[in-house]
Structures are given as C-alpha cells and as structure tokens.
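First the structure, in the form of structure tokens, and then the observations on it.
Everything numeric in this text was worked out from a predicted model, so none of it was measured.
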Amino acid sequence: MKLFQVADEYCKTSDWKVLALLKFCLFSIGLMVGALLPARYRRPAIAGACAVFLATYLPLMAKFFRLWRQKD
C-alpha cells in the first residue's frame, strides 16, 4: 500500500514535463523488450499492445477534451 501512496505523492508533486519523461522512459523499455521478442511472438505482442493502447488512450483523451471544453 505504501508503494501506491508514494506513487500518488510523486504524481502530485510532478508537472506534466516530468510525467511526459516518465512515459518516454516506459515507452523506450517497451520498444527494447519488443525488439528482443522472437519473431513468432511479435504479432500477438503487437495486438496486445494495440488493445491496451486503445483501452487507455481513449478514456484519457475523452477526459482531456472534457476539461478543455470546461476551460473555455
């Protein structure tokens, strides 16, 4: 539980630039892992990554545009 509390505090004390760097770091790790996969596992890994991307990106962007409309 303490791990999640520390993670929450880290996010609260970080600005968008720090969180963007964190995302680039995680993206780079994903690319490295993907490059090391044997050829027979790449297609399922890509399909899974696409599913996770869509499942997370769409709600994030919906929230972003909702906030954007409220600021006008």
Side-chain angles (χ1 to χ4, degrees):
M1 193 61 171
K2 185 166 172 77
L3 175 65
F4 292 118
Q5 291 170 344
V6 172
D8 284 340
E9 187 62 29
Y10 181 83
C11 289
K12 288 176 187 174
T13 60
S14 300
D15 64 356
W16 69 269
K17 295 173 208 157
V18 172
L19 295 176
L21 288 174
L22 178 64
K23 289 182 180 274
F24 277 118
C25 177
L26 293 173
F27 177 72
S28 297
I29 290 171
L31 285 177
M32 290 187 287
V33 169
L36 295 174
L37 283 176
R40 67 177 183 255
Y41 296 121
R42 284 192 191 136
R43 182 165 277 172
I46 290 170
C50 286
V52 170
F53 172 78
L54 289 174
T56 56
Y57 184 75
L58 295 175
L60 288 170
M61 287 298 100
K63 180 179 179 180
F64 175 79
F65 287 117
R66 217 176 15 257
L67 287 171
W68 189 4
R69 273 189 270 138
Q70 289 175 359
K71 294 290 181 184
D72 287 342

*When clusters are formed by joining ILVMFWY residues with side-chain heavy atoms under 4.5 Å apart, either directly or through shared neighbours, do Trp68 and Leu19 land in the same one?*
no
*Set of side-chain contact (heavy atoms from CB on, under 4.5 Å) partners for Lys17, sequence neighbours left out*: Asp15
*Roughly how far apart are Leu58 CG and Thr56 OG1, rounded to 0.5 Å?*
8.0 Å
*Phe4: partners by side-chain contact (heavy atoms from CB on, under 4.5 Å), with sequence neighbours left out*: none
_Could you work out, with ring pair (Phe, Tyr, Trp, His ring centres under 6.0 Å) as the rule, every residue matching Phe53, not counting sequence neighbours?_
Tyr57
Give every donor-acceptor pair under 3.5 Å between a side-chain atom in residues 21-48 and any protein atom, sequence neighbours left out.
unit_1	atom_1	unit_2	atom_2	d
Ser28	OG	Phe24	O	2.9
Arg42	NE	Leu37	O	3.2
Arg42	NH2	Leu37	O	3.0

*For Val18, what are the other residues in its hydrophobic cluster, where any two members join if their side-chain heavy atoms are less than 4.5 angstrom apart?*
Tyr10
*With clusters built from Ile, Leu, Val, Met, Phe, Trp and Tyr whose side-chain heavy atoms come within less than 4.5 Å, directly or transitively, what are the remaining members of the cluster of Trp16, listed by chain and number?*
none
